[in-house]
Amino acid sequence: MAKKVFVLIVAVSILRIISGCGDCPDDPVFFEFTDVSISNLDNSGTWSQVTTSDTMFSEAVAFDISITGYIGPDRYKSTFLRSSGFSSCYAFSKCPEVLKPVHPITALSVYTLYPLDNDIPENSDVSNLFVASQYYGKLYQSLPSLITDLKNKTYYDDFGESFNIYLKSNISNDKARFIISVRLDNDSIISDTTNTIYIKPRK
């Protein structure tokens, strides 16, 4: 009798597992944006690429921006067992992890720490002088347009945001440095500062 009961319990458990297989979960995992990092771009050729050089042509000032995040330890809790029994399993398909920021990005600002020319002094907001390029998005767009694209964005398997920004104006000064700030929807700000960039004119 005990053996029959055990077999019955195992059979019911297997059926519950199989019946739940194949459907990916719809609920996203939430994460926090926590850091901004900046890399210099060599934009002097056909394609821009990350460089360790701090020298840029006056008409080719560009940066790669990475906004990274953090997911709490509850992400790693097992979802196989719940108080009501077995949860769905996904043995027959690889489900991408759906990720959403708790506090989406609402603004991106760029301030110059050195004068760009006689009309743009140090500590000026120069956000409107930059355009952005997403890796899989529009070729060039204004920073407000980029933010609109990011507001309701859902991420899959990667809780970070990356894009490039390019200065539209030439710099007449011999050096440049910028603060890049990201505002989140709870009014918190994360930011980073570029290295000092040494400007050379195009020959």
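Listed here is the closest heavy atom pair of D192 and S37: OD2-CA, 3.5 Å. Nearest heavy-atom pair across E161 and K153 is OE1-NZ, 3.0 Å. Of all heavy-atom pairs between L41 and M56, the closest is O-CE, 3.8 Å. In terms of heavy-atom proximity, Q141 sits nearest to L146 at NE2-N, 3.4 Å. D149 and Q134 get closest at one heavy-atom pair: OD2-NE2, 3.2 Å. Contact detail for T193 and R177: the closest heavy-atom pair is CG2-NE, 3.5 Å.
Between F31 and P101 there is a side-chain heavy-atom pair separated by less than 4.5 Å. Taking the side chain as every heavy atom from C-beta outward, I38 and F178 never approach each other to under 4.5 Å. At least one side-chain heavy atom of I180 sits less than 4.5 Å from a side-chain heavy atom of I165. In this structure the side chain of I65 reaches within 4.5 angstrom of the side chain of V36, judged on heavy atoms. Taking 4.5 Å as the limit, every side-chain heavy atom of S169 sits out of range of all side-chain heavy atoms of L116.
We find the OG1-NZ distance between T154 and K100 to be 4.0 Å, quoted to the nearest 0.5 Å. In this structure, S58 OG and I199 CD1 are separated by 7.0 Å, a value rounded to the nearest 0.5 Å. Once rounded to the nearest 0.5 Å, the distance linking CD of E32 with CD1 of I190 reads 10.0 Å. Once rounded to the nearest 0.5 Å, the distance linking OG of S39 with CG of N164 reads 9.5 Å. A distance of 6.0 Å separates CG in L129 from CG in L167, rounded to the nearest 0.5 Å.
Side chain of N173 to main chain of P115: a donor-acceptor pair is present (N/O by atom type, distance under 3.5 Å, no hydrogens or angles). A distance-only check finds no donor-acceptor pair linking the side chain of S124 to the backbone of V126 [under 3.5 Å].
Screening D54, D64, T194, T51 against N40 for a side-chain hydrogen bond (donor to acceptor under 3.5 Å, both in side chains) leaves a single residue, D54.
Tracing side-chain contacts under 4.5 Å through hydrophobic residues (I, L, V, M, F, W, Y), one never reaches I171 starting from I179; they form parts of separate clusters. Hydrophobic cluster membership is shared by I120 and L143, with clusters built from Ile, Leu, Val, Met, Phe, Trp and Tyr side chains linked at under 4.5 angstrom.
F130 and F63 have tilted rings, their planes meeting at an angle from 30° to 60° on a 0 to 90° scale.
For CG of N152, the number of neighbouring non-hydrogen atoms (other residues, nucleotides, ligands) closer than 6.0 Å is 12 at most.
Judged as a side-chain contact (heavy atoms from CB on, under 4.5 Å), and not counting sequence neighbours, the contacts of K151 are I147.
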Identify every side-chain donor-acceptor pair in residues 102-113 under 3.5 Å, counting partners at least two apart or on other chains, and give the distances.
residue: H103; atom: ND1; partner: D185; partner atom: OD1; Å: 2.9
residue: T106; atom: OG1; partner: R183; partner atom: O; Å: 3.2
residue: T112; atom: OG1; partner: Y114; partner atom: N; Å: 3.3
residue: T112; atom: OG1; partner: Y114; partner atom: O; Å: 2.4

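Both tests pass for K200 against the ring of F57: distance under 6.0 Å to the centre and angle within 45° of the axis.
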